[in-house]
Number of protein chains: 2
Amino acid sequence: MHSFVSSQMSRPFFTWQQILDWAQEHYRFRTFKKDERIPARPELLYLVQRGAVRLVGREQPLKKMQSKSQAQASNNNGEEAFLGFVGAGQPFEIVGHSPFTIQAYAHVDETNIVWMYWQDLDNWPHFRREILEAFRYQHQRKLLWLATLGQRRTIDRLMGFLGLLIEEYGEPCEPIGLAGERAYRLPWSLTHAQIGSAIGSTRVTVTRLMGKLRSQGLIYTLDDHLICLPVFQSLKFKI
Amino acid sequence: MHSFVSSQMSRPFFTWQQILDWAQEHYRFRTFKKDERIPARPELLYLVQRGAVRLVGREQPLKKMQSKSQAQASNNNGEEAFLGFVGAGQPFEIVGHSPFTIQAYAHVDETNIVWMYWQDLDNWPHFRREILEAFRYQHQRKLLWLATLGQRRTIDRLMGFLGLLIEEYGEPCEPIGLAGERAYRLPWSLTHAQIGSAIGSTRVTVTRLMGKLRSQGLIYTLDDHLICLPVFQSLKFKI
């Protein structure tokens with residue numbers, strides 16, 4: 001897994017602690033509750049210190065210009081797309097842009113966020129470079145995600161999507177199945193509606209396909225409702 | 001439009017020329033023909049000096065382990081997803097990773113590519129920072145793209161996809177329609193199969209939906225077969 005937290009082993013922990021101290025001193029630190037919106041502004045840079053952030057894309061009221069009632073109906077449907085997680089130690093930014101706005105929500109309770117202007121990083125040039133490297137990495141992950149979403153069959157998109165998430169964020173979990181294969185689970189829950197919004201499908205279809213994958217033993221759901229993949233599903237776990 | 005080429009106005013043209021000279025001197029410069037594959041390796045960084053590059057994602061033969069004939073059938077279908085363009089002045093890199101490999105092709109004739117190791121950029125620290133900023137920008141664009149692909153209706157994904165491409169790469173073209181609206185066109189051609197591979201649909205469906213959008217006046221195709229959008233389709237053109 002790639003994250004600042006794990007890469008801290010190889011670089012001074014000192015910088016991250018300095019930034020935290022600086023953030024608390026300058027009131028640039030806040031704790032968010034699950035599903036609370038993080039009021040992110042385009043010119044700022046955000047760091048997840050603990051917890052996880054969910055990025056979503058929402059259509060801007062472009063259609064309102066054409067038909068107000070239609071747009072309202074579409075708003076009521078909550079047409080927002082799940083765009084991925086930002087884990088602890090990772091940066092994110094929100095560059096609002098038509099026809100979509102991107103928004104950030106705390107995905108779990110006690111998600112700690114630090115924010116700063118880009119120029120604040122002038123104090124920590126090495127850290128600035130790491131942030132940019134992290135975006136470079138995130139960009140590569142999104143290319144893989146786009147490759148998955150290009151597949152025609154919804155079940156392929158679903159399986160590819162789950163595989164990519166677990167490859168990036170998966171944690172080892174209880175061995176499962178008769179053969180006792182090793183497995184990795186996504187540490188956060190995702191609703192079927194959220195999954196559907198990411199892969200261009202509906203909650204109903206996702207529920208049906210998840211059942212199908214489960215019956216084929218390609219995914220598992222444990223008592224905690226977290227999605228779990230046997231290790232043979234992913235050829236190369238970087239973990 | 002964001003590109004190194006246009007941002008060169010504000011920074012010394014000198015660096016880019018230095019890099020070109022260096023690349024030619026060290027045989028790190030090559031011209032590619034349309035649809036020629038650029039043999040990109042993970043540890044290298046690539047710059048498009050002229051022309052345009054098409055990134056595609058291709059499924060790795062994961063399924064071959066399960067069924068050889070099935071995998072061959074799927075390979076014959078040419079299941080590759082269009083992941084976007086890299087225009088002149090922009091960098092790209094290919095981090096191969098299961099279950100997809102990402103590949104780069106020259107999208108037009110006389111596409112010039114410069115390549116280097118990341119450490120070669122130590123000579124041009126300012127340029128290195130610009131490269132990382134470019135990836136930061138590309139990452140933001142991909143988030144918008146993912147937001148578009150999260151939409152359930154194929155026609156919405158198609159329209160969003162075209163809008164994003166033209167917003168980023170569009171060039172002004174002849175006024176069209178009775179009202180003589182201003183319009184922007186994508187400077188490169190894209191087949192319906194390529195569009196389908198990007199939005200999780202088929203060539204046949206894309207052809208049908210493009211016809212529908214055309215008949216509604218939401219898109220135009222000029223004599224040169226390039227896709228053209230009237231300006232009112234995008235609320236905020238950055239151009």
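Convention: sequence-line order gives letters A, B, ...; per-chain numbering from 1.
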In terms of heavy-atom pairs under 4.5 Å, which option from [options] contacts chain A the most?
options: B/G57, B/S197, B/G196, B/A147; value: B/A147
options: B/Q138, B/K142, B/E93; value: B/E93
options: B/G150, B/A198, B/G84; value: B/G150
options: B/L55, B/T154, B/L143; value: B/L143

Between B/R128 and A/E133, is there a salt bridge with N-O shorter than 4.0 Å? yes
I'd like to know if the side chain of B/Q194 reaches the main chain of B/T191, judged simply by a donor and an acceptor atom lying under 3.5 Å from each other, with no hydrogens or angles considered. yes
Name every donor-acceptor pair, under 3.5 Å, that has one atom in a side chain of residues 199-206 of chain A and the other anywhere in the protein, sequence neighbours excluded.
residue: A/T202; atom: OG1; partner: A/T205; partner atom: N; Å: 3.2
residue: A/T202; atom: OG1; partner: A/T205; partner atom: OG1; Å: 2.9

Could you work out, with ring pair (Phe, Tyr, Trp, His ring centres under 6.0 Å) as the rule, every residue matching B/F135, not counting sequence neighbours? A/H139
Non-hydrogen atoms of chain B under 4.5 Å away: do they reach the side chain of A/R136, the backbone, both or neither? both
Do B/I94 and B/I38 have side chains that get closer than 4.5 Å, going by heavy atoms? no
